[in-house]
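Protein chains get the first letters and strands the later ones, always in sequence-line order, with residue 1 at the start of each. Just so we're clear, the structure is a prediction, and the values are computed from it rather than from any experiment. As a basis for the values below, the full set of heavy atoms in this structure was taken, side chains included, without hydrogen atoms, waters or symmetry mates.
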Amino acid sequence: MKKVIDKINDLVKDKFEKCGYDRKYGFVTVSNRPDLCQFQCNGALAAAKEYKKSPRDIANDVFGELKDIEIFQDISIAGPGFININITDEFLTNYINDMYGDKKLGTSENEDPMTIMIDYGGANVAKPLHVGHLRAAIIGESIKRISRYLGHKVIGDVHLGDWGLQIGMVISEVKRRNPDLPYFDENFNGEYPEKAPFTIDELEEIYPAASKLAKSNEDAMKEAREATSKLQKGHRGYLALWKHILNVSVADLKKNYGDLNVEFDLWKGESDCRHYLDEMITYLKDNNYTEESEGALVIDVAKEDDKQPIPPFMVLKSDGATLYSTTDLATIWERVNDYDPNEIIYVVDKRQGLHFEQVFRCAKKTKIVNEDLKFDFIGFGTMNGKDGKPFKTREGGVMRLRDLIDIIKDNVKDKLRNNDSFTAEEMDEIARKVGLSALKFGDLSNQVTKDYVFDMDKFSSFEGKTGPYILYTVVRIKSILRKVDVDKTSNIINPHSDIERDLMLSLSKFNEVVESAFIDKAPNKMCEYIYEVANQFNKFYHNNKMITEENMEKKMSWINLSNLTKDVLETGLDLLGIEAPDRM
RNA sequence: GCGCCUGUAGCUCAGUAGGAUAGAGCAACGGACUUCUAAUCCGUGUGUCAGGGGUUCGAAUCCUCUCAGGCGCGCCA
């Protein structure tokens with residue numbers, strides 16, 4: 001469906017053109033002075049310079065053409081040349097009815113869908129998820145859902161860290177503890193055990209211990225490097241052990257991401273590109289992209305107009321081993337080969353910006369990707385505590401994600417109204433949903449690139465611009481809908497009050513907001529929007545008693561309007577990765 | 001040292017093709033419940049948009065300098 005704003009834009013642009021001005025000056029936006037009008041066009045002011053006429057005169061020219069357009073209720077020129085527009089209730093109501101009857105609530109599926117890959121996990125094998133992974137997961141999930149809603153083919157990849165030094169650390173630590181395991185017996189030719197020699201809990205203890213040791217002990221670090229190198233070269237026992245690490249970890253990670261309602265289409269990792277490494281490195285060498293520098297194999301990616309010196313892209317370390325830049329590049333090679341995407345989006349901590357700039361430049365320079373493949377780096381900011389410093393546990397450690405979820409769930413549980421009609425299980429499920437809404441809405445309502453303060457009490461509050469407030473609004477609507485029979489075939493009729501009209505206007509912006517959130521990769525726009533809708537609905541709710549309304553036509557119209565509001569809110573929430581309960 | 005990002009109300013944050021009087025939420029105070037879930041709604045106040053200079057009819061928004069904070073700058077990811 002065509003957006004309300006687009007219809008108005010087309011009309012006004014046509015008239016600008018008809019009057020001899022460039023179409024672009026007919027640009028209409030939602031009014032920033034809702035007290036004066038619903039929509040505004042500031043083009044006359046902008047056009048004044050080009051046509052050397054007073055903006056007021058230009059506005060008057062166009063006004064002559066605009067004043068008889070049917071869908072405009074009233075239109076006027078204000079101040080230096082603003083054109084203020086209100087649309088008719090008929091036009092608005094028609095649109096709302098069309099939207100109500102449309103599964104996609106007025107958004108049009110993209111005619112020319114893109115294949116978009118989103119890389120947004122970044123979890124490391126053998127390490128528990130912690131708060132640092134939270135933002136990537138929920139921002140990436142939201143961008144994935146928004147893109148998909150608009151009809152694009154979207155592939156979300158967790159891109160596990162499963163091939164780097166941390167694996168070598170774990171392997172060498174396991175060896176220190178259990179040197180007799182067959183994985184370390186160079187003469188072992190039999191089948192390796194099917195059962196992993198550790199549980200997830202043990203694994204999560206092994207890694208930090210190994211990491212700590214390697215930092216202080218040079219020999220341990222050397223062993224870890226050697227183990228990494230051996231693994232990467234295909235050591236049979238190490239590969240078998242590595243698969244255990246992977247399996248045990250992935251099972252746990254799936255559960256944890258699942259608890260967050262974050263779902264990946266691909267559970268690939270850095271290791272998956274290993275089959276392409278030789279081929280790629282040969283390609284890079286054969287085409288003379290590489291050079292040797294300080295013992296390492298590098299590719300120069302500096303450009304003349306760089307404001308700062310860009311270090312060369314590193315293909316192989318001086319010991320011949322690959323590193324993250326190599327696997328990131330090879331992963332692109334693999335993705336182009338397997339999925340041929342139009343765009344690859346990286347949702348990663350913004351501190352990795354320079355690294356990815358190098359990777360992108362290298363991929364383009366070496367023609368591993370076409371010029372028209374779009375790389376998008378979405379670097380998110382740090383989640384800070386109330387002290388403005390990176391969020392930590394009370395003891396100063398890194399907080400695990402599952403602990404954070406439990407804490408916020410408990411926090412919400414305390415605030416939920418006691419209701420005997422809920423069983424303990426229902427209560428728990430409600431607390432989970434409300435808690436997640438608090439966490440996600442609190443995060444996503446901030447601009448992605450900025451650092452933000454994680455304030456548990458603020459996010460989990462049931463008042464104000466929070467997830468729980470929006471869920472409450474949805475629950476409220478569901479409660480009404482349970483009490484009446486909804487007849488979706490009866491129409492929503494013209495608004496009976498300013499408040500009702502404002503609600504309809506807000507609802508009519510839905511498709512526009514989805515698109516704008518997609519273009520800017522900005523879930524916070526969706527947060528802002530659903531808050532506005534929830535707020536408008538609550539005003540409406542307060543002013544009109546629907547169930548006791550005696551005029552049936554009016555009553556059904558209101559019920560349907562509420563039902564549409566619910567759809568818009570739930571869809572908006574879903575695009576943020578948030579679910580609403582039926583009752584709370 | 002070089003580079004990137006950030007600085008908006010007491011607090012947490014929105015606000016880009018440059019536009020009218022810079023907006024929300026929280027906190028504070030006052031009001032509205034024989035409820036369709038008051039977990040709501042209504043009302044009241046709040047600003048050198050870090051600072052200086054510039055471009056423009058018009059700047060939180062564009063340019064420039066200064067200050068403050070955060071981050072990054074080849075063999076970790």
Side-chain angles (χ1 to χ4, degrees), chain A residues 24 27 29 31-33 35-36 40 42-43 45-46 48-49 54-55 78-82 84 122 124 161 163-166 270 293-298 306-319 321-325 327-328 348-355 357-358 379 381-382 384 386 388-390 415-417 419 434 442 445-447 449-453 455 457-459 461-466 468-469 471-473 475-484 520 524-525 527-528 531-532 535 538-549 558-559 562 583-584:
Chain A
K24 69 178 179 190
F27 192 87
T29 54
S31 170
N32 55 12
R33 289 290 304 276
D35 52 318
L36 299 179
Q40 65 184 50
N42 302 339
L45 289 91
K49 205 169 291 176
S54 97
F82 300 105
N84 291 347
N124 289 305
W163 202 236
L165 186 60
Q166 81 268 25
E270 293 175 313
S293 167
E294 296 171 35
L297 193 69
V298 302
D306 283 337
K307 285 187 181 166
Q308 64 164 329
I310 302 287
F313 178 90
M314 191 166 291
V315 182
L316 293 175
K317 298 194 281 188
S318 46
D319 66 359
T322 60
L323 68 169
Y324 66 120
S325 48
T327 54
D328 278 335
V348 190
D349 190 307
K350 68 180 172 190
R351 284 173 289 198
Q352 292 196 45
L354 179 58
H355 162 66
E357 176 63 25
Q358 290 178 279
T382 311
N384 289 329
K386 274 187 175 175
K389 292 177 182 163
K415 290 180 184 164
L416 282 169
R417 197 180 269 159
N419 188 330
V434 177
S445 56
N446 292 287
Q447 246 184 79
T449 56
K450 288 200 197 174
D451 295 349
Y452 78 103
V453 175
D455 183 336
D457 293 324
K458 177 186 158 197
F459 291 175
S461 168
F462 286 47
E463 289 155 31
K465 200 181 281 184
T466 66
Y469 169 85
L471 296 197
Y472 174 69
T473 308
V475 164
R476 219 176 195 189
I477 299 174
K478 286 181 175 177
S479 171
I480 292 176
L481 297 176
R482 269 195 298 272
K483 294 187 169 73
V484 294
D520 295 341
N524 69 308
K525 294 196 171 182
C527 292
E528 195 74 27
Y531 174 74
E532 177 194 313
N535 198 222
N538 279 320
K539 287 182 194 178
F540 167 75
Y541 174 91
H542 206 264
N543 269 273
N544 301 293
K545 295 289 174 204
M546 292 183 236
I547 288 184
T548 52
E549 173 59 42
W558 280 346
I559 295 294
S562 302
R583 294 193 298 161
M584 62 189 271

Novice: Does one side chain, of A/N538 or A/T473, offer a donor that lies under 3.5 Å from an acceptor on the other?
Specialist: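 Distance-only check passes for A/N538 and A/T473.
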
Novice: Go through B/U37, B/G15, B/G7 for me and flag the one nearest to the A/Y472 side chain.
Specialist: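 When the side chain of A/Y472 is considered, B/U37 is the closest of B/U37, B/G15, B/G7.
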
Novice: Using centres under 5.5 Å plus planes under 30 degrees as the test, is A/F82 stacked with B/G19?
Specialist: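 The base of B/G19 is not stacked with A/F82 (the test needs centres under 5.5 Å and planes under 30°).
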
Novice: Has the side chain of A/D35 got a donor or acceptor that lies under 3.5 Å from a partner of the other kind on the base of B/A20?
Specialist: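 Answer no: no donor N or O sits under 3.5 Å from an acceptor.
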
Novice: Base, sugar-phosphate, or nothing for A/K545, non-hydrogen atoms under 4.0 angstrom?
Specialist: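 Counting heavy atoms under 4.0 Å across all strands, the contact made by A/K545 includes a base.
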
Novice: If the cut-off is 4.0 Å, is A/K350 near the phosphate of B/C4, judged by side-chain N/O to OP1 or OP2?
Specialist: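 For B/C4, neither OP1 nor OP2 has a side-chain N or O of A/K350 closer than 4.0 Å.
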
Novice: To the nearest Å, give me how far apart CG (A/L45) and P (B/G58) are.
Specialist: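 It is 13 Å, rounded to the nearest whole Å.
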
Novice: Looking for any heavy atom pair under 4.0 Å, which part of the strands does A/D455 touch: base, sugar-phosphate only, or nothing?
Specialist: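 Nothing, no heavy atom under 4.0 Å.
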
Novice: Picking from B/U21, B/G19, B/A24, which would you name as closest to the side chain of A/K465?
Specialist: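 It is B/A24.
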
Novice: Can you tell me how far C1' in B/G19 sits from the matching atom in B/A28, rounded to whole Å?
Specialist: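 34 Å, rounded to whole Å.
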
Novice: Just jot down the salt bridge (Lys or Arg N to Asp or Glu O under 4.0 Å) partners of A/K458, sequence neighbours excluded, or say none.
Specialist: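 Result, salt bridge (Lys or Arg N to Asp or Glu O under 4.0 Å) vs A/K458: none returned.
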
Novice: Sequence neighbours left out, what passes salt bridge (Lys or Arg N to Asp or Glu O under 4.0 Å) with A/D457? Give chain and number order.
Specialist: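 Here no residue qualifies.
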
Novice: Among B/G58, B/G19, B/A14, which nucleotide has an atom closest to any side-chain atom of A/K49?
Specialist: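 Closest nucleotide to the A/K49 side chain: B/G58.
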
Novice: Tell me what A/A321 touches on the nucleic acid: a base, only sugar-phosphate, or nothing, going by heavy atoms under 4.0 Å.
Specialist: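 It contacts nothing in the nucleic acid.
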
Novice: Any side-chain N or O of A/K483 under 4.0 Å from OP1/OP2 of B/U37?
Specialist: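 A/K483 to B/U37 OP1/OP2: side-chain N or O found under 4.0 Å.
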
Novice: Looking at every strand, decide which applies to A/N32 at a 4.0 Å heavy-atom threshold: base, sugar-phosphate, or nothing.
Specialist: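 Answer is base: heavy atoms of A/N32 come under 4.0 Å of a base.
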
